[in-house]
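The structure under discussion appears below in the form of structure tokens.
One-based numbering, in listed order, for ligands and for the atoms of each. Note: hydrogens, waters and symmetry copies are ignored here, and every other heavy atom, side chains too, is used. Index from 1, following the sequence.
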Amino acid sequence: MAIQRTLILCKPDAVSRGLIGDIVSRFERRGYVIVAMKMMQLDGERARKHYGEHEGKPFFQGLVDFITSGPLLAMAVEGEEAIAGCRQIMGATNPLNAATGSIRADFASTIGRNLVHGSDSHESAERELAIFFQPSDFVSRKHDLERWILEK
Ligand code: IDP
Ligand code: MG
């Protein structure tokens, strides 16, 4: 068990549909803390870098077009095993396979408009966080984690 930091995005569909508040609260309620948060609109270069692992796949261009189509909310989220925990809160990539009660099952119906992104490994988290944030963007929430969330 370890404290991890992960990148969560509310993609442009989530922003446009007014779902940011509901999505953010799900991570907070679970006991994860936000250590950086930024509204931004990606350009193509940064979008292709972020989704580099999918380059060459049939949906790649559509994915880049969509993620650059409007503002998104980027967050760095921290907590015990946060990478897997946040993926669980998001639900499976295809909303049809997402667990009931997850963000994607509750609010999405198609794989291409599935509202959220979350890093899938420690390596992805480090790589992706560096695309969206600078070291000085992060605050410390160590005190909050120690006080309310972590077991002694
Ligand atoms: P993830 O977001 O659950 O990590 P990935 O496999 O990393 O899923 O795919 C990145 C994003 O690309 C997905 O969230 C989804 O929006 C989109 N995507 C993945 N597979 C497909 C597909 O087969 N058709 C259309 N879009 C897809
Ligand atoms: Mg992924």
Side-chain angles (χ1 to χ4, degrees), residues 1-135 137-138 141 145 149:
M1 303 288 272
I3 298 293
Q4 296 176 333
R5 183 181 286 178
T6 187
L7 174 75
I8 300 296
L9 303 178
C10 295
K11 299 186 196 178
D13 49 346
V15 174
S16 184
R17 289 176 58 192
L19 294 173
I20 285 176
D22 201 308
I23 290 171
V24 171
S25 77
R26 288 169 180 238
F27 296 103
E28 287 193 308
R29 286 189 317 207
R30 176 73 170 259
Y32 299 125
V33 296
I34 297 161
V35 296
M37 189 178 242
K38 200 186 277 183
M39 292 292 300
M40 57 199 293
Q41 185 157 355
L42 288 189
D43 59 22
E45 188 184 342
R46 217 193 284 214
R48 282 189 292 275
K49 194 171 171 194
H50 172 64
Y51 279 126
E53 65 178 297
H54 299 300
E55 204 154 358
K57 295 181 185 172
F59 60 85
F60 182 69
Q61 191 55 49
L63 181 58
V64 169
D65 289 346
F66 170 62
I67 204 78
T68 58
S69 67
L72 55 75
L73 175 72
M75 294 184 274
V77 174
E78 241 176 49
E80 188 79 23
E81 301 292 323
I83 294 169
C86 289
R87 298 274 299 182
Q88 185 184 44
I89 292 168
M90 289 160 48
T93 307
N94 186 337
L96 288 175
N97 301 327
T100 306
S102 65
I103 293 166
R104 285 165 168 171
D106 284 356
F107 300 123
S109 53
T110 63
I111 194 168
R113 298 289 182 273
N114 60 5
L115 298 170
V116 277
H117 168 85
S119 309
D120 63 6
S121 67
H122 179 67
E123 294 70 32
S124 304
E126 294 227 309
R127 187 185 71 79
E128 295 171 1
L129 283 163
I131 295 172
F132 289 84
F133 296 105
Q134 301 184 335
D137 292 330
F138 301 108
R141 300 288 304 275
L145 286 171
I149 292 153

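A cation-pi geometry, defined here as NZ or CZ lying under 6.0 Å from the six-membered ring centre and within 45° of its normal, does not hold between Arg17 and Phe107.
Residues lining ligand 1 at a heavy-atom distance below 4.0 Å are given as Lys11, Tyr51, His54, Phe59, Leu63, Arg87, Thr93, Arg104, Ile111, Asn114, ordered by chain and residue number.
When all heavy atoms of Ala74 and Phe132 are compared, the closest pair comes out as CB-CD2, 3.8 Å.
Shown here are the side-chain hydrogen bond (donor to acceptor under 3.5 Å, both in side chains) partners of Arg113, two or more places apart in sequence or in another chain: there are none.
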Report, one line per pair, each donor and acceptor closer than 3.5 Å where one atom sits in a side chain of residues 83-95; sequence neighbours left out.
residue	atom	partner	partner atom	Å
Arg87	NH1	Gly118	O	3.0
Gln88	OE1	Arg30	NH1	3.2
Gln88	OE1	Arg30	NH2	2.5
Asn94	OD1	Leu96	N	3.0

Worked check of salt bridge (Lys or Arg N to Asp or Glu O under 4.0 Å) between Arg26 and Asp106: CA-CA 12 Å; Arg26 288 169 180 238; Asp106 284 356; 3.0 Å; yes
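Pairs passing the ring-ring contact (aromatic ring centres under 6.0 Å, His included) check and including a residue from residues 55-80, sequence neighbours excluded, read His54-Phe59.
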